[in-house]
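Let me begin by presenting the structure, written as structure tokens, before commenting on it.
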Amino acid sequence: MNYLTNRNTSLLIVLLCLPSLAWADELNQANTVWILTSTALVLFMTLPGLSLFYAGLVRSKNVLSVLMQCFAIACMISIMWLVGMYSLIFTDGGAAQPFIGSLSKAFVPDMGPDSLTGDIPEAVYFMFQMTFAIITPALIVGAFAERMKFSSMMLFSALWALLVYVPVCHWVWGGGWLADMGVMDFAGGIVIHITAGVSALVAALVMGNRKGFPTVAMPPHNMPMVVTGAGMLWVGWFGFNAGSALAADGSAGMAMLVTHISAAAGSLTWMVIEWVRFGKPSVLGIVTGMVAGLGTITPASGFVGPAGALFIGITAGIVCFYAVQIIKRHLHIDDSLDVFPVHGVGGIAGSILTGVFAAESLGGRGLGDVTIAHQVGVQALAVGVTIIWTVVFTYIILKVLDAIMGLRVSEDQEVEGLDVVMHEETGYHNM
């Protein structure tokens with residue numbers, strides 16, 4: 001009798017648990033809530049974070065032009081993502097799968113409220129990945145700020161997204177050939193920061209310097225705006241990196257922690273170097289160091305521990321500071337808002353260091369069956385191929401557009417400012 005009672009009780013418990021067990025294999029509400037939040041945070045990085053950061057850095061006569069460029073890019077990439085970018089990255093391309101996906105999910109005809117990617121709604125995953133695609137070309141705006149035609153900027157951003165971002169993202173995150181090799185890029189050191197940073201350098205070289213650079217001082221017109229935007233970037237970056245865990249778990253928590261540590265370390269390192277070298281720490285320096293720390297930890301954020309993040313952040317502050325000095329002061333390349341020395345150099349350094357500090361012996365989550373040397377080799381190969389691909393296609397896009405419609409405003413228009421010339425508006429009526 002006791003046996004039958006116990007057996008019946010056990011059967012009842014199993015039956016009661018069946019709905020919850022089935023639910024566990026389907027939608028995970030906690031993960032869904034976190035990725036919904038992360039999606040908002042990443043979009044917040046561009047609108048208004050990056051927009052304000054960049055707008056404060058330019059001269060007052062160009063403040064609206066930068067805000068407009070970031071806003072327009074966000075709108076355009078969103079539509080392009082729906083039309084085909086998402087499909088080309090995240091679907092199986094058949095025989096072409098190592099290099100590109102298919103158009104089977106163009107306009108996402110089969111995506112409904114109940115469609116899942118893993119254990120979160122596909123609509124949420126679709127939107128989360130879209131915010132990454134939005135911020136990447138927006139970052140490049142800082143390289144040619146104050147001198148590119150708005151129409152040329154829009155066409156460049158669209159073509160660049162298709163020819164650079166889509167294939168590289170597929171290679172790394174869409175199951176392409178770099179993913180098969182075991183490349184580690186948790187949140188976009190290669191996909192986002194290297195592609196944007198290297199393209200920024202190419203754009204600065206192709207377009208040439210602003211009138212007066214480097215002899216005429218061109219300081220930021222609104223530092224409070226810069227610091228406000230920088231703070232938004234810092235907060236938004238938690239969605240960028242911790243959200244890339246695609247789960248509300250310990251991996252997301254660790255990614256958030258190491259992101260914060262690296263940002264703080266990058267800020268303080270930049271500040272100290274500047275203090276020692278120039279006698280005073282600057283507000284611009286400490287916020288730029290923060291962005292360097294954030295960009296450099298991005299590829300490693302899901303693989304390293306706090307100690308590794310501290311080293312990566314310090315490294316970011318050092319290498320990115322001196323990269324700015326080399327690009328601006330020695331080579332006199334007018335990457336207007338330091339996109340390459342901060343994002344490009346930071347992304348390269350962080351991607352290589354991921355192969356080192358992901359090792360379990362150095363506090364990371366482990367490299368599986370491969371050695372540090374092997375993983376660093378894979379990381380270096382991915383970095384090298386990405387740089388070459390980005391340089392070639394960015395250069396082609398810019399040269400074709402220049403031949404067809406021209407890239408730059410005229411010298412007189414540049415002197416007058418893009419706000420009035422391109423948009424017939426001014427940011428400050430009393431200036």
Side-chain angles (χ1 to χ4, degrees), residues 50 54 57-59 62 65-66 69-70 73 136-165 167-168 190 192-218 288 291-292 295 319-349 351 383-411 413-415 418:
L50 182 70
Y54 276 180
L57 287 171
V58 298
R59 289 168 289 182
N62 296 307
S65 70
V66 173
Q69 288 170 10
C70 291
I73 286 172
T136 312
L139 287 171
I140 308 173
V141 165
F144 48 69
E146 304 193 302
R147 59 197 186 279
M148 183 180 267
K149 295 178 181 178
F150 183 73
S151 55
S152 300
M153 183 281 303
M154 291 291 285
L155 279 174
F156 168 77
S157 298
L159 292 170
W160 186 90
L162 288 173
L163 298 177
V164 178
Y165 185 83
V168 174
I190 295 170
I192 294 169
H193 294 286
I194 292 178
T195 58
V198 170
S199 294
L201 181 61
V202 175
L205 289 168
V206 170
M207 292 197 64
N209 298 343
R210 288 169 290 178
K211 179 177 171 58
F213 181 90
T215 56
V216 176
M218 301 178 185
T288 306
V291 176
V319 300
C320 294
F321 175 87
Y322 285 105
V324 169
Q325 305 308 307
I326 292 169
I327 294 294
K328 282 279 181 72
R329 294 174 180 266
H330 298 289
L331 299 179
H332 296 156
I333 298 172
D334 190 13
D335 179 351
S336 307
L337 309 183
D338 302 323
V339 184
F340 173 72
V342 174
H343 294 278
V345 172
I348 292 167
S351 297
V383 167
V385 170
T386 300
I387 290 173
I388 293 170
W389 183 274
T390 301
V391 167
V392 170
F393 281 93
T394 302
Y395 181 81
I396 291 172
I397 294 168
L398 288 169
K399 295 302 286 186
V400 169
L401 289 178
D402 194 26
I404 294 173
M405 59 193 301
L407 294 172
R408 291 187 66 143
V409 297
S410 69
E411 190 172 291
Q413 290 175 324
E414 185 179 335
V415 171
L418 271 60

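In what follows, residues are counted from 1 in the order of the sequence shown. Note that these values count all heavy atoms, side chains included, but never hydrogens, waters or copies made by symmetry.
Counting all heavy atoms, side chain and backbone alike, Ser351 lies closest to Ile194 at OG-CD1, 3.9 Å. Considering every non-hydrogen atom in both Ala143 and Val339, the closest pair reads N-CG2, 3.6 Å. For Thr390 against Ser199, the heavy-atom pair with the smallest separation is CG2-OG, 2.9 Å. Closest heavy-atom contact between Leu163 and Pro167: O-CG, 3.2 Å. What you find for Asp335 and Ala200 is that their closest heavy atoms are OD2-CB, 4.2 Å. For the residue pair Val345 and Ala323, the shortest heavy atom distance occurs at CG2-CB, 3.9 Å.
Every residue two or more places apart in sequence or in another chain that forms a ring pair (Phe, Tyr, Trp, His ring centres under 6.0 Å) with Phe321 is listed here: Trp270. For Phe393, the ring pair (Phe, Tyr, Trp, His ring centres under 6.0 Å) criterion is met by Trp389, not counting sequence neighbours. Applying the salt bridge (Lys or Arg N to Asp or Glu O under 4.0 Å) test to Lys149 and every residue at least two apart in sequence or in another chain returns nothing.
A side-chain donor-acceptor contact under 3.5 Å links Asp402 to the backbone of Leu407. With hydrogens and angles disregarded, a donor-acceptor distance shorter than 3.5 Å links the side chain of Asn209 to the backbone of His332. No donor-acceptor pair closer than 3.5 Å links the side chain of Tyr165 to the backbone N or O of Ile192. In this structure a side-chain-to-backbone donor-acceptor pair under 3.5 Å is present from Lys328 to Ser336.
Taken to the nearest 0.5 Å, the OG atom of Ser152 stands 7.5 Å off from the CE atom of Met207. One distance of note links CD1 of Ile327 with OH of Tyr322; it measures 15.5 Å at 0.5 Å rounding. To the nearest 0.5 Å, the span separating CG on Leu401 from CE on Met148 amounts to 7.5 Å.
Side-chain atoms of Leu418 and Val66, non-hydrogen and from C-beta on, never get closer than 4.5 Å to each other. A 4.5 Å side-chain heavy-atom check between Thr394 and Val206 finds every atom pair outside the cut-off. Contact check for Ile333 versus Phe340: no side-chain heavy atoms found under the 4.5 Å cut-off. Here the side chains of Trp160 and Thr136 are in contact, with some heavy-atom distance below 4.5 Å.
Here the rule is side-chain contact (heavy atoms from CB on, under 4.5 Å) with Val400, and of Leu398, Ile397, Ile396 only Ile396 fits it. Each of Lys211, Arg408, Arg147, Arg210 was compared with Glu414 under the side-chain hydrogen bond (donor to acceptor under 3.5 Å, both in side chains) criterion, and only Arg408 meets it.
A parallel orientation is assigned to the rings of His343 and His193, their planes being inclined by less than 30° (bins at 30° and 60°).
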